[in-house]
Structure formats: C-alpha cells, structure tokens
> 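Have a look at this one before I ask anything.
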Amino acid sequence: MKEILIIAKRELRGYFSSPVAFVFIVIFLLLSGFFTFMMANFFERGEANLQSFFMWHPWLYLFLVPAVGMRMWSDERRLGTIELLLTMPVTPWQAIVGKFLASWLIIGLALLLTFPLVITVNYLGNPDNGVIFASYIGSLLMAGAYLAISAMTSAMTRNQVVSFIVSVVLSLFLILAGWPPVTNLLVSWAQPWLVDGIAAFSVMTHFDSIQKGVLDSRDLLYFLSVMGFSLFTTSVIIRAHRAG
Amino acid sequence: MIKVRNLKKHFGPKVAVNGVSFTIERGEVLGFLGPNGAGKSTTMRMITGFIPPSEGEIKIGEFDMLKNPIAAKRLIGYLPENAPSYADMSVHGFLSFAAELRGLSGDANKRAVARAIEMCFLEPVLHQSIETLSKGYRHRTCFAQSIIHDPAVLILDEPTDGLDPNQKHEMRTLIRRMGEKKAIIFSTHILEEVEAVCSRAVIIDRGQIVANGTPRELKMRSDQAGAVTLRLLDGSAAAVKSKIDQISAVARSIVLSESPVAVRAFPRQKESGDEVSRALGEMASKERWKVQELRIEEGRLDEVFRGITLPDNKKEETKK
C-alpha cells in the first residue's frame, strides 16, 4: 500500500510539473461549460438539474481521458524508466495501481472544480442533490473505466499517439454499444435480447441509469469490472513485454 | 552474494543467453565483457529481476529472484543501460523518490539522499530538472539512485558509457572503492577499465561464457604474454637475435626494429618470462649492450578478447 502511494505521488508530481494536468483541467472546464450552456441551453431549459451538464461527459471523456492516460506506460517504455521502476522492490501491480490512481485523481480534481454549477443550480431552484451526487459518482466511475482502458493501451506501445488512438476507439465502442441511435439501428434486425446484451457492455446504459439518481450495484459492478479487467490486462501486457 | 546457475533466455527462436553460470562474493568486482549483442544486458536484466529467465536459477544473497523477487530486489542497486531517469523530476526529487521506494522515509531518506549526492558530486545540480542536465550528470544521477540504499549487490550496465575521461576516472575509482564491501557486476566495452577495476572478468560471446578469470589470467592467454622485449641504443639486430636464440628458455625471437635495435624473445612457456628476462639481462651485461629497455609483456586483453569472440572465419582474416 505504501508503495502504491509513493508511486502515485511521483506520478501526480509529474502531471503537475508538465502542463498535462493544467491543460486537461482547463480544457475540461471550458468544454463542459460550453456544452452545458451553449449547446444544451442550461438556462433556457428552466430545469433544476444538471442533466445538461452530465449528458456530455461520455463524449468529453472520450478524448480527454485518453489524453491523460496515453503516456502512463508508453513513456516508461520509451524512456526506459520501466526498467528502473520494475527492478525496485515493488510488484508490477503496485506500480499499475499507483499510476492509475494518480491519473484518476487528476480527473477527479477537474470534476470537483465544476462545483460552481452545483451552487448555481441550487441558487436558482431546488434540485435533487442526491441525483447530482450520484451523477458525479457515476461520472467519476466512467472516467475511471476509460482511464483503465487508456492504461492498457499505453502499455501496448511506446508510442503515445498509437496509445491515444487505440484507446479512443475502444472507448468509442463502449459508448456506441449502448447509444440510442446505434441500438435503434440494431433493433431493426437483431433479437431484443442480443441488443440488450450488447448494450449492457456500454458505459451509456450504466451511466444513464446512475444519472437517474440510483447507485445500483449492477452499474457499480460494471464500472469496477471494466477497470479491474483493463488493469489486469495491463499487467498481463507488461509481463508479456518483459518476458519477450 | 550473487549465484547464477544455467541461466537461459530465448526471445522466440533467437537464443540470447545460453547457459550462463557464475558466483560472486562480497568484495568482488566482476567485469562483464563481450561484443554487442552477446547477451550482457539480457543477463543483467535477468539478475535484477526485470525479465524472467527462460530457464535457470538466480540467487541474490539468500533469496531466489524468481520465488521471492521483492526481497531479492531489496539487496540490489541497478544502473540500467543508458541510465534512464524521470526527466521531469529534479535530481533531488528523483533520488528522494528512489529512496522512498527502497523503504527509506523521514530522516533516513534525507541522510541517504545526502550521502548519494555527495558520493556522486551532484551538489551543483541538486534542484535542476533532470531533462536540463548534461549526459554526465544524468548518468551520475541514475548511478546515485542505484547506491541510494547502500545495497550489498550492485549491477551496473555500462556505467562509464558517455562520460568524459575525468568522469570515467571518477566512476572507476568509485566502483573500485565500493567493490571492497559489495558484490559488483559491471559491463563495459572498454578493456582498460577491466584491468583498472575488476577483480575478475568474464567474457560472454553469443550467450555463453567463453572465459572467466582474473584480468591477469586472461591476459596470459595472449600470444604476446610472457614475451620479453629488449631495446638497445646501438648494435646490430641480427647479431643480437642470434645471441638471444641461443638461450635455452627462448623458443624463438623476432626483430621488431633494426635501428635502434629491438628484439622480442618468446619463452618456451608463458610463465617463464621472468627466467628469459633474467637471462637476457645477464647476456646484456656480458656483451656490454647499451640497454634502453628490458620488459616482460603482460599480454593484451584486447588481443585475447578478439581471439575469443571473433567467429573463426574472421580470425583468419585478421591474421592475414
């Protein structure tokens, strides 16, 4: 556990000594503000909720999270520091979790900085703060799932660009599998159980249900298992790469 | 301290290391020699636990690297090839991070970092970010990382690569000094380094150990080893050579230069260089030769190295 924290701390310092963390946080705040107010017309809606804010998150994360995660392991491989890290008395698992947590914390921080929205909506009306809280948790979990996928793709290559693109494509699949325009298309020729089965793999399905204000254990389990699976695969890739 | 038995590694069909075995105790500095791609780095990476061997056993102290990697890794300090480090960190931050991962916190951490900084002369760049450093400083920073926990075992992959002559000298002094108490393996291409630093050298070629001994023993394998060179201020080379050839311990002799006269005498046995040199000395005083130099050749490591590691067809070429 101590090792995980030491690695996470170093990683965090790395994010803040380069512009990555600042750029991510600023762009995330700007874009989410733009979409909420300009595209979804937060004020004109006259509704006391943050749906117009959260609805964009799957799409915002699609590009922003891989941008944070793409260098996680590819940089270690490119610079050769992976050799340093993994010959220290730490297990690969500790390194993987430590690095993942640091990046997740950056995203969590960005999310936390959207608090003025919560204040605004509470000032203007009487929103259901339970729903808002659940949505924040859901958003954080979704970001974690994307991030774990980025961790996995960054372990595959020493090239950050490749890592970014593969990670975007995989995440896009997780969105589209449950995105209404796609599922509607599927319904016309596939069996309903098949469509549901595919949609169950999608972050959309689970994020939507959390946004309704219910933290269902199935949805939590979904996000946690995407993270668990991706990070486990990361460890397999790293081991395979070392074994040659 | 380090015990390696029958270590093998193949990458797909390619065999990188093929049955390497050796042991090193505390107080020994083992030089790893070999041409590029001979398997030096791969062997070191297996010993440090970075890559798992395909076959074989690695013991560090009393711990098995494969069964108990964390305990084994605690005993090792490692300087990987090209001395990688986190470019975005400051020297101090990097060393403190390394010390923390080695389980040193609080005051112990500060002391360890201060000690490493002093030993590696990093004071002037302490708070500079590593990416702004010159190659020499970067190298030393990574080296400082490897000794931060005062490990019993040090594995150094080309520790003097890319350093200027002064820095090379400092690094060698440092390795020799630490070699008194630690078990050290280091790889190098520079053969003088082996003579200057190692207590024992191993030559690896195509994944196998082809020679293992003290630098002196290895040099004795050279054709020139034990030969005695005599240089005179005047006289005739042919006359001197014919005299020398009469000495019973001399197998043959060659004329190196006519004027001034230089003749090299090869003893019948490499070990009897002393005897030949004594006989030549006596002969010189009897014949009243004006001796400029009388020297026993130690043999040359590069010659031995080439002789052992070149493929047989190439050996023929260099002889021609």
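A note on names: the letters A, B, ... follow the listed sequences, proteins ahead of strands, and every chain is numbered from 1. Excluded from the calculations below are hydrogen atoms, water molecules and symmetry mates; all remaining heavy atoms, backbone and side chain alike, are included.
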> I'd like to know whether CZ of A:Phe16 has more than 12 heavy-atom contacts from other residues, nucleotides or ligands below 6.0 angstrom.
yes
> Looking at A:Ile6, A:Ile82, A:Leu86, A:Ile7, which has the largest count of heavy-atom pairs under 4.5 Å with chain B?
A:Ile6
> With a 4.5 angstrom heavy-atom cut-off, which part of B:Ala72 approaches chain A: side chain, backbone, both or neither?
neither
> So, for A:Leu79 and B:Pro84, which heavy atoms are closest and what is the spacing to 0.1 Å?
O-CB, 3.2 Å
> Tabulate below the donor-acceptor pairs under 3.5 Å that side-chain atoms of residues 29-39 of chain B make, not counting sequence neighbours, or state none.
unit_1	atom_1	unit_2	atom_2	d
B:Asn36	OD1	B:His189	NE2	2.9

> List, with distances to 0.1 Å, the donor-acceptor pairs found between chain B and chain A - the cut-off being under 3.5 Å and no angle criterion applied.
unit_1	atom_1	unit_2	atom_2	d
B:Lys9	NZ	A:Ala243	O	2.8
B:Arg45	NE	A:Glu83	OE1	3.4
B:Arg45	NE	A:Glu83	OE2	2.9
B:Arg45	NH2	A:Glu83	OE1	3.2
B:Gly49	O	A:Arg242	NH2	3.0
B:Phe50	O	A:Arg242	NE	2.6
B:Phe50	O	A:Arg242	NH2	3.2
B:Lys73	NZ	A:Leu86	O	2.8
B:Tyr78	OH	A:Glu83	OE2	2.4
B:Tyr86	OH	A:Glu76	OE1	3.0
B:Tyr86	OH	A:Glu76	OE2	2.8
B:Glu100	OE2	A:Lys9	NZ	3.2

> Is the count of non-hydrogen atoms from other residues, nucleotides or ligands lying under 6.0 Å from A:Phe229 atom CZ greater than 12?
no
> Are there over 12 heavy-atom neighbours, none belonging to A:Phe201, within less than 6.0 Å of that residue's CZ?
no
